[in-house]
K.L.:
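Right, I'll just put the structure down here and ask away after.
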Amino acid sequence: MNRIYLDNAATTAVAPEVLQTMLPYFTEHYGNPSSVHATGRDARKAIEEGRRQVAAAINAQPQEIYFTAGGSESDNWAIKGAAFANRKKGNHIITTAVEHHAVLHTCAWLEKQGFKVTYLPVDAEGFVTAKQVEDAITDETILITIMTANNEIGTLMPIAEIGEVAKAHKILFHTDAVQAVGAVPLDVKALNVDMLSMSGHKFHGPKGIGALYIRRGVRLDIFMQGGAQERGQRAGTENLAGIVGMGKAIELATTNLPEKAAKIAALRDRLMNGIVERIPDVRINGPKDPSRRLPNNCNVSVRYIEGESMLLRLDLAGIAASSGSACTSGSLDPSHVLLAIGLPHEVAHGSLRMTLGSDTTEADIDAVLDVLPGIVSDLRAMSVLNHETTTVSDETFACPRA
Ligand SMILES: *Cc1c(COP(=O)(O)O)cnc(C)c1O
């Protein structure tokens with residue numbers, strides 16, 4: 001069966017060119033970058049080339065890029081590192097209710113260590129405003145951490161405006177840009193961010209490698225003790241092949257990015273409009289304005305049925321998607337993001353996320369549009385939820401075309 005992968009927000013395939021670039025770093029160029037001999041020096045050179053590529057992609061300097069083991073580690077380091085380095089100045093952190101768990105759980109842990117955290121609410125499309133951030137600032141505020149792009153509903157936060165506020169108040173500003181890197185153009189100077197998290201496997205690079213941009217002059221606590229790697233901030237022999245792969249992947253992903261993003265957005269719109277046209281009682285979750293939404297993100301709630309059952313049926317049809325509840329992870333809680341935009345539990349449970357990749361084709365989209373309506377009507381026929389048992393108002397599903 002021809003498989004269609006529409007779960008690129010979860011992870012992406014390593015690009016063939018990226019893999020080819022990585023392979024020699026497992027075999028002939030396997031040196032330890034800290035060694036003085038030629039084999040070690042070759043490895044060091046490869047790492048510095050990766051650092052240059054990552055820096056160039058976000059308009060940073062190479063010395064401002066620190067390699068980590070992924071997006072989660074970058075988030076942990078930025079937030080804990082900034083919190084503890086500034087503990088004498090204050091104990092207050094501002095974030096949002098819709099962050100990735102790598103941010104939310106880190107903030108929750110810091111609360112146990114005595115920090116205070118404000119979780120800003122979002123509007124119906126997932127946005128916070130710079131004004132909300134400014135209003136939340138107190139004399140104790142030491143860090144603002146707000147994601148660039150939401151991984152579930154694709155909301156692009158007003159990072160540059162929030163950056164202005166942070167700068168005016170001299171408060172450190174971190175952004176989790178894991179979903180945004182390689183999806184939309186990013187410039188750390190224009191965004192006024194002090195720290196920015198990235199992850200290789202979200203843009204066709206390998207898993208287990210990420211980076212944290214730390215603006216020159218910003219001091220964080222050291223993440224890992226034990227060696228002089230990463231300017232003494234993050235010890236441990238570097239993930240050489242991973243760094244080489246991440247560098248190549250970010251370079252590929254950010255080349256001609258506006259053209260590629262426009263192409264993906266057109267396919268995404270075909271998918272969203274097709275769903276709205278062919279399936280009654282669906283609502284699009286996330287921003288209506290395509291310029292304020294990740295180009296590859298489609299998130300819909302389908303009334304009267306469970307997202308999980310749609311996923312299983314789609315999977316049988318060879319289509320990989322994801323849903324707004326995390327039953328697979330052993331929890332039946334609906335997505336915190338969908339609840340934060342105001343969806344009732346029942347509607348959040350009926351959500352489906354499809355995230356396109358650079359290899360998604362029109363034929364893939366049309367295949368989904370061919371099978372999804374049938375899956376939905378089958379499941380609705382079996383569902384115990386219907387227009388008589390539901391407590392959800394019709395307005396929730398009054399859905400204009402995307
Ligand atoms: C995937 C993701 C992460 C975690 O990145 P890993 O490299 O998988 O640890 C963090 N934040 C966001 C927004 C993500 O989408």
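Atoms within a ligand are numbered from 1 in the order they appear, just like the ligands themselves. Just so you know, these numbers come straight off a predicted model, no measurement behind them.
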K.L.:
Where on Lys207 is there a heavy atom closer than 4.0 Å to ligand 1, on the side chain, on the backbone, on both, or on neither?
P.N.:
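Lys207 to ligand 1: no contact under 4.0 Å from either part.
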K.L.:
Number the atoms of ligand 1 from 1 as they appear, then name those within less than 4.0 Å of a heavy atom of Val178, with their elements.
P.N.:
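Atoms satisfying the 4.0 Å criterion: 1 (C), 2 (C), 3 (C), 10 (C), 11 (N), 12 (C), 14 (C), 15 (O).
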K.L.:
Would you say Ser72 and ligand 1 have an N/O pair spaced under 3.5 Å apart?
P.N.:
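Min N/O separation from ligand 1 is below 3.5 Å for Ser72.
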K.L.:
Tell me, yes or no, whether the heavy-atom count around Arg87 atom CZ, taken from other residues, nucleotides or ligands under 6.0 Å, exceeds 12.
P.N.:
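Yes, the 6.0 Å shell around CZ holds more than 12 heavy atoms from other groups.
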K.L.:
Among Glu73, Gln179, His100, which one has a heavy atom closest to atom 15 (O) of ligand 1?
P.N.:
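Selected option, by shortest heavy-atom distance: Gln179.
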K.L.:
Need the ligand 1 atom indices (1-based, order shown) with element for anything under 4.0 Å from a heavy-atom of Asn151.
P.N.:
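Numbered from 1, ligand 1 contributes 13 (C), 15 (O).
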K.L.:
Side chains of Asn76 and Lys80: is there a donor and an acceptor less than 3.5 Å apart?
P.N.:
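Result is yes, a qualifying pair exists.
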K.L.:
Looking only at protein heavy atoms, which one is nearest to atom 2 (C) of ligand 1, and how far off is it?
P.N.:
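Here the closest protein heavy atom is Lys202 NZ, 2.6 Å.
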K.L.:
Run the salt bridge (charged side-chain N to carboxylate O under 4.0 Å, His left out) check on Glu49 and Arg52 step by step: do they pass?
P.N.:
CA-CA 5 Å; Glu49 170 63 4; Arg52 187 197 62 72; 2.8 Å; yes
K.L.:
Ignoring hydrogens and angles, tell me if any N or O in the side chain of Lys189 forms a donor-acceptor pair with the backbone of Asn59 under 3.5 Å.
P.N.:
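At least one qualifying donor-acceptor pair exists.
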K.L.:
Begin with the C-alpha distance, continue with both residues' side-chain angles, and end with the deciding distance and a verdict on side chain to side chain contact (heavy atoms under 4.5 Å, CB included) for Trp77 and Met224.
P.N.:
CA-CA 9 Å; Trp77 182 9; Met224 188 85 85; over 6 Å; no
K.L.:
Does atom CG of Asp289 have more than 12 heavy-atom neighbours, drawn from other residues, nucleotides or ligands, at distances under 6.0 Å?
P.N.:
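Counting neighbours around CG of Asp289, more than 12 heavy atoms of other residues, nucleotides or ligands fall under 6.0 Å, so yes.
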K.L.:
Taking only heavy atoms of Gly70, which atoms of ligand 1 are found under 4.0 Å from at least one of them?
P.N.:
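Every atom of ligand 1 under 4.0 Å from some heavy atom of Gly70: 7 (O).
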K.L.:
Are any of the side-chain nitrogens in Arg278 or Asp370 under 4.0 Å away from the carboxylate oxygens of its partner?
P.N.:
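Looking at Asp370 together with Arg278, the answer is yes, because their closest N to O distance falls below 4.0 Å.
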K.L.:
Could you list the atoms of ligand 1 found under 4.0 angstrom from a heavy atom of Asp75?
P.N.:
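The list of qualifying atoms is 10 (C), 11 (N).
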K.L.:
Taking Ser323 for the side chain and Gly307 for the main chain, is one N or O donor matched with an acceptor at less than 3.5 Å?
P.N.:
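No; judged by distance alone, with no hydrogens or angles, the pair does not exist.
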K.L.:
Considering heavy atoms of the protein only, find what lies nearest to atom 8 (O) of ligand 1 and give residue, atom and distance to 0.1 Å.
P.N.:
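Of every protein heavy atom, His201 NE2, 2.9 Å lies nearest to atom 8 (O) of ligand 1.
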K.L.:
Is there at least one pair of N or O atoms, one from Gly71 and one from ligand 1, spaced under 3.5 Å apart?
P.N.:
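Yes: some nitrogen or oxygen of Gly71 is under 3.5 Å from one in ligand 1.
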K.L.:
If we ignore hydrogens and angles and just use 3.5 Å, is the side chain of Ser35 paired with the main-chain N or O of His37 as donor and acceptor?
P.N.:
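No, the answer is negative, given that no donor and acceptor are paired below the 3.5 Å cut-off.
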K.L.:
Classify the contact between Asn150 and ligand 1 as side chain, backbone, both or neither, using a heavy-atom distance cut-off of under 4.0 Å.
P.N.:
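It is neither part, as no heavy atom is under 4.0 Å.
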K.L.:
Please write down residue, atom name and distance for the protein heavy atom closest to atom 7 (O) of ligand 1.
P.N.:
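Heavy-atom neighbour on the protein nearest atom 7 (O) of ligand 1: Ser199 OG, 2.6 Å.
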K.L.:
Name the closest protein heavy atom to atom 11 (N) of ligand 1, giving the residue it belongs to and the distance to 0.1 Å.
P.N.:
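Residue, atom and distance for the closest contact: Asp176 OD2, 2.6 Å.
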